[in-house]
Amino acid sequence: MTTFEERERAFENKFKHDEELLFKIQVRRAKLLGLWAAEQMKFEKPEADAYARAIVDADFEEAGSADIVRRVCTDLEQHGIDISRHRVEKEAEHLLQVARQQITTQ
């Protein structure tokens, strides 16, 4: 194997690793946002865990966090919780950093 092929393989492996890491971070962020929203809605633990899983599933609807923010806002509104979309977006941003820290320190 030539040096160029070795470098190419190393770059491909790094790209694959980085993409897998990003996926794990986004899934963790969705779960954390779901748990945060469940806490706002005063769900008990089993219901909160189920809700967090539903938010993770909702995250696969479209790229980015718009799908989970929309879902959480709708659910909060249906439960009579007055939290702005902006606040949910800020919480999602904060939890992305928390998820990144959690995943990279595992």
Side-chain angles (χ1 to χ4, degrees):
M1 187 177 290
T2 67
T3 303
F4 178 75
E5 289 169 336
E6 290 171 357
R7 287 184 63 204
E8 184 178 30
R9 177 168 286 153
F11 282 123
E12 288 172 356
N13 287 339
K14 182 179 181 336
F15 178 79
K16 180 181 174 188
H17 177 267
D18 290 349
E19 288 298 307
E20 288 173 358
L21 194 61
L22 181 59
F23 176 78
K24 288 177 183 179
I25 290 168
Q26 290 172 339
V27 168
R28 178 71 58 92
R29 185 259 323 262
K31 179 182 178 184
L32 292 172
L33 185 63
L35 291 172
W36 174 82
E39 182 180 332
Q40 305 307 307
M41 294 182 277
K42 310 239 184 292
F43 288 173
E44 296 296 323
K45 176 123 175 79
E47 189 179 13
D49 291 340
Y51 182 76
R53 282 190 300 276
I55 296 302
V56 169
D57 291 343
D59 195 21
F60 295 111
E61 292 176 11
E62 61 188 60
S65 63
D67 47 357
I68 61 173
V69 168
R70 184 173 45 253
R71 166 77 187 268
V72 166
C73 287
T74 299
D75 293 344
L76 289 170
E77 185 178 313
Q78 288 176 349
H79 282 83
I81 309 297
D82 186 26
I83 296 178
S84 70
R85 179 180 182 86
H86 178 73
R87 172 71 174 98
V88 174
E89 289 169 344
K90 287 296 182 188
E91 190 65 29
E93 287 176 25
H94 166 71
L95 292 173
L96 181 63
Q97 299 308 315
V98 171
R100 183 180 317 279
Q101 184 178 13
Q102 289 178 357
I103 295 294
T104 57
T105 58
Q106 284 183 344

For V72 and A37 the tightest heavy-atom approach is CG1-CB, 3.7 Å
Residue set satisfying side-chain contact (heavy atoms from CB on, under 4.5 Å) with I103, at least two apart, ordered chain then number -> L21, K24, I25, R28, Q106
Rounded to the nearest 0.5 angstrom, the CD-CZ distance for Q26 and R100 is 9.0 Å
Worksheet item: Do I55 and L96 belong together in a cluster built from hydrophobic side chains that touch within less than 4.5 Å?
Response: no
How far apart are the C-alpha atoms of E93 and K90, what are their side-chain angles, what is the distance that settles it, and do they pass the salt bridge (Lys or Arg N to Asp or Glu O under 4.0 Å) test? CA-CA 5 Å; E93 287 176 25; K90 287 296 182 188; 3.7 Å; yes
Salt bridge K16-E19, side-chain N to carboxylate O under 4.0 Å
no
Check: Between R87 and E91, is the closest basic N to carboxylate O distance under 4.0 Å?
Finding: yes
Look at the side-chain heavy atoms of Ile, Leu, Val, Met, Phe, Trp and Tyr, link any pair under 4.5 Å apart, and say whether L32 and I81 land in one connected group. yes
Value for CG (L76) from CZ (R85), rounded to nearest 0.5 Å, stands at 11.5 Å
- Query: What do you reckon, is CD of Q101 surrounded by more than 12 foreign heavy atoms closer than 6.0 Å?
  - Reply: no
Correct closest heavy-atom pair for R29 and A99 would be N-CB, 3.6 Å
Between the NE2 atom in H17 and the CD atom in E12, the distance rounded to the nearest 0.5 Å is 16.0 Å
When hydrophobic residues are tied together by side-chain contacts of less than 4.5 Å, even through go-betweens, does W36 share a cluster with V98?
-> yes
Do L22 and L95 land in one hydrophobic cluster if side-chain heavy atoms of ILVMFWY residues count as linked below 4.5 Å? no
task = List the steps, then state whether salt bridge (Lys or Arg N to Asp or Glu O under 4.0 Å) holds for D75 with R71.
result = CA-CA 6 Å; D75 293 344; R71 166 77 187 268; 2.9 Å; yes
May I ask you to check whether over 12 heavy atoms, not counting those of E44, lie within 6.0 Å of atom CD?
-> no
Closest non-hydrogen contact found for I83 with V88 is CG2-CG2, 4.0 Å
Output for pair (L33 CG, S65 OG), nearest 0.5 Å, gives 8.5 Å
Between Y51 and G34, the two heavy atoms sitting closest are CD2-O, 3.3 Å
Closest non-hydrogen atoms of E89 and V69, given as atom of the first, atom of the second and distance, are CG-CG1, 3.7 Å
Residue pairs meeting ring pair (Phe, Tyr, Trp, His ring centres under 6.0 Å), one or both in residues 75-104, sequence neighbours left out, come to F43-H79
Answer yes or no: is there an ion pair linking K45 with D49, defined by an N-O contact shorter than 4.0 Å?
-> yes
All heavy atoms of K31 vs all of V56, minimum pair found to be N-CG2, 3.6 Å
